[in-house]
Amino acid sequence: MFVATKIRIFCYLRSVILSGKELSDRLKAGMAREVATFPSRYGRVPHLAVLLVGDDPASVTYVRNKARASEKIGIRNTTITLPATTSEDELLGRIAALNDDPDVDGILVQLPLPPHIDELKAIKAIAREKDVDGFHPENVAALWRRRTEPEENPQYCVPCTPRGIIRLIKEAGVRIEGRRAVVIGRSNIVGLPISKLLLNENATVTICHSRTVGLGEITREADILVVAIGDPEFIKGDMVKEGAVVIDVGINRRPDGTLCGDVDFKEVAPRASVITPVPGGVGPMTICMLMENTIDCFINRENSKLER
Ligand code: GUN
């Protein structure tokens, strides 16, 4: 028993806990320095407009955090809060006005929307060049068509959470090329785009979901395991290969109010070579990448003014 405990502690210490908080703080400090040069270079700063419909508590928190991050970096933020009863036409009208506003560089419609509003209609209404989420069908198509690194092609935004995951993995010095990546979850926001980004990095990618048969057999093959299913502590130690890189996208609230991911951190961390914590892992990177996407949209719009 004693020996087993010692081995367990040794293994635990061997795994690297990848702090998205630390990396995002560093990146945001760099962005703040860059944005400080914009008034003299461009005569203005980037402007992000966020639309929130309803008062879903998680969405309210996310939107507040986006405003705070913008403020810290020097990005102008306009948050428009609308009641849950807002009609689809009213929302589409608000989006159209932001599209037409030359001072707005990025538009984000916080999801999910109330059920009476067609989410895809709202996303399609956003001007493609202001789509900081990268959710517009044309931007999604650009991601799936593109074979090169997304950073090489800054005209279109890549969804924030997947972009943040790739940044984190690279920052940790993890080799992606040629490795087996398993993504659990097939959402438009995380599962699908992270799968394509890993493919762009020449990983061999398997996408699993709620109907996958023999999930554990597949996850145990993963050199890189990305979990985005929204099921608290679902991934247990015996589902993970020794030495795997484990990226936990889940943010769940336990009955006692504390946060946890989709990965059982206590069980999995001793087996992983690299693992992201919850909170403080992927979450802060999502907001950080939203800031980068906003700056990218701003610079693209300013450059296109010069070309005209
Ligand atoms: N809801 C949860 N994640 C996201 C996101 O990345 N963007 C938007 N717009 N809504 C979300």
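Counting convention: from 1, in listed order, for ligands and their atoms alike.
- Sequence neighbours left out, the pairs with a member in residues 218-230 that pass side-chain hydrogen bond (donor to acceptor under 3.5 Å, both in side chains) are D223-K241.
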Requested in this report: Decide yes or no on side-chain hydrogen bond (donor to acceptor under 3.5 Å, both in side chains) for T294 and D296, but give the supporting numbers first.
Outcome: CA-CA 5 Å; T294 304; D296 287 350; over 6 Å; no
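- Looking at residues two or more places apart in sequence or on another chain, you find no salt bridge (charged side-chain N to carboxylate O under 4.0 Å, His left out) involving E71.
- For the salt bridge (charged side-chain N to carboxylate O under 4.0 Å, His left out) test, no residue two or more places apart in sequence or in another chain qualifies with E129.
- Relative orientation of the F298 and Y42 rings is perpendicular, given thresholds of 30° and 60° on the angle between their planes.
- The contact shell of ligand 1, taken as protein residues with any non-hydrogen atom closer than 4.0 angstrom, comprises L108, V109, Q110, L111, D133, F135, I189.
- Counting heavy atoms from C-beta on, the side chains of N139 and R128 come closer than 4.5 Å.
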